[in-house]
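These notes concern the structure reproduced below.
Computed from a predicted model, the values in this text were never measured in an experiment.
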Amino acid sequence: MGSPAFLLVAIDGGAASGKSSTARALSERFHFLHVDTGSYYRAITAELLRQGAKAEDHGVVQSVLTHLELGTRVLGRSAQMEIGGRVVPEAEIRSPAVNAAVSHFAAIPDVRTKLLAYQRGQAEVARAHAFRGLVMEGRDIGSVIFPTADFRFFLHADPVERARRRAQEGQTDSIAERDRLDSSRKTSPLTCPPGALDIDSTFLTLPEVVDRVSAAIATRLPPAA
Ligand code: DC
């Protein structure tokens, strides 16, 4: 018998496309480690803002990044980024200031380089914690971080429906503007990579999206007991 399968699942899509809820549900169904890379870009953005960096000033951004020590804390089935041993609180990473700035910082190549190896290393974190796989969500997971992942999904939904979802969560977020910035940047833009399974979630409920994605994964790995 070979060693049990360890599956890498990539989920990409725009803001409020349903990635996080889907990835969380998969992590429970299959006992995967869930990595929300948007929260990593948000944590770094919160720290850069806290240290007074501006997205226009690449020199300052670069020098702050050099001194950031990144670690990972696993809480339940979710991985959280530690910066200098501290997990940046959820209220801080979802603040209006971070919502407004994160796409600008995420477009800076040095920021993406800082996160590239770190994100790939999350597979080792998942293995070390005996998860059966890793489900990682973001904008460039299937295209850049794990282009050879076992499964690559791309979720999209009508912008009006996505704005409604964010408002329901009580959040102020300029979804269309962030998508425009995320899709038009030069380095690792938001894109549906060739070969990924593209799902339009506009008229689907979350359980319907999860069932569709799970059906594909279950061909390789039975759901966890
Ligand atoms: O998933 P989210 O909306 O929380 O992501 C916040 C921002 O982080 C998003 O506007 C763009 C950036 N991001 C990115 O550039 N690449 C990723 N893999 C994940 C997020």
Could you check whether any side-chain heavy atom of Leu206 comes within less than 4.5 Å of a side-chain heavy atom of Val210, counting everything from C-beta outward? yes

Keeping Lys19 on the side-chain end and Leu155 on the backbone end, is there a donor-acceptor pair under 3.5 Å? no

Looking only at atom types and distance, does a side-chain atom of Asp150 sit under 3.5 Å from a main-chain N or O of Val9, one as donor and one as acceptor? no

In Å, rounded to the nearest 0.5 Å, how long is the span from CG of Leu33 to OG of Ser78? 7.5 Å

Main-chain N/O of Asp158 paired with Thr202 side-chain donor or acceptor, under 3.5 Å: yes

Candidate pair Leu115 and Tyr41, rule side-chain contact (heavy atoms from CB on, under 4.5 Å), full reasoning: CA-CA 8 Å; Leu115 280 176; Tyr41 280 92; 3.5 Å; yes

For Asp182, give me all partners under side chain to side chain contact (heavy atoms under 4.5 Å, CB included), at least two apart in sequence or on another chain. Ser103, Arg139, Arg178, Arg185, Leu190

Please lay out, stage by stage, how Arg86 and Glu69 fare under the test salt bridge (Lys or Arg N to Asp or Glu O under 4.0 Å). CA-CA 10 Å; Arg86 166 183 181 256; Glu69 268 184 37; over 6 Å; no

Distance in Å, Ile44 CD1 paired with Ile108 CD1, rounded so as to fall on 0.5 Å steps: 11.0 Å

Is there a side-chain contact between Phe151 and Arg220, using heavy atoms and a 4.5 Å cut-off? yes

Are any of the side-chain heavy atoms of Leu221 and Phe30 separated by less than 4.5 Å? yes

Applying the side-chain contact (heavy atoms from CB on, under 4.5 Å) criterion to Ile175, which one of Arg165, Arg180, Arg162 satisfies it? Arg162

Tell me if the centroids of the rings in Tyr40 and Tyr118 come within less than 6.0 Å of each other. yes

What I'd like to find out is whether the side chain of Asp179 reaches to under 4.5 Å of the side chain of His156, using heavy atoms alone. no

Within the structure provided, determine whether Val87 and Leu75 are in side-chain contact (heavy-atom separation under 4.5 Å). no

Any chance you could measure Arg112, atom CZ, to Lys186, atom NZ, to the nearest 0.5 Å? 14.0 Å

For Glu169, is the CD atom crowded, meaning more than 12 foreign heavy atoms sit under 6.0 Å from it? yes

Among all residues two or more places apart in sequence or in another chain, which pass the side chain to side chain contact (heavy atoms under 4.5 Å, CB included) test with Ala43? Met81, Ile83, Val88, Ile93

Any non-hydrogen side-chain atom of Phe131 less than 4.5 Å from a side-chain atom of His31? yes

Is there a side-chain contact between Pro89 and Arg94 (heavy atoms, below 4.5 Å)? no

Does any N or O in the side chain of Arg152 come within less than 3.5 Å of the main-chain N or O of Ala10, such that one atom is a donor and the other an acceptor? no

Sidechain-backbone polar pair: Thr219 side chain, Ala216 backbone, donor-acceptor under 3.5 Å: yes

Does anything in residues 120-132 pair up under salt bridge (Lys or Arg N to Asp or Glu O under 4.0 Å), and if so which pairs, sequence neighbours excluded? Glu124-Arg127

Ser201 side chain to Leu204 backbone, donor-acceptor under 3.5 Å: no

Could you tell me whether the side chain of Thr37 and the main chain of Glu137 form a donor-acceptor pair under 3.5 Å? yes

Checking Gln80, Glu82, Gln122 against Thr72 for side-chain hydrogen bond (donor to acceptor under 3.5 Å, both in side chains), the one that qualifies is Gln122

Any ion pair linking Asp36 and Arg42 (charged N to carboxylate O, less than 4.0 Å)? no

Is Val135 close to Val35 at the side-chain level, that is, under 4.5 Å between some pair of heavy atoms? no

Using only atom types and a distance under 3.5 Å, with no angle test, would you say the side chain of Asp12 pairs donor to acceptor with the backbone of Phe153? no

Could you tell me if His34 and Glu28 have a donor-acceptor pair between their side chains, going purely by distance under 3.5 Å? no

Side chains of Asp110 and His58: any donor to acceptor distance under 3.5 Å? no

Would a distance-only check, ignoring hydrogens and angles, find a side-chain to backbone donor-acceptor pair under 3.5 Å from Ser214 to Asp211? no

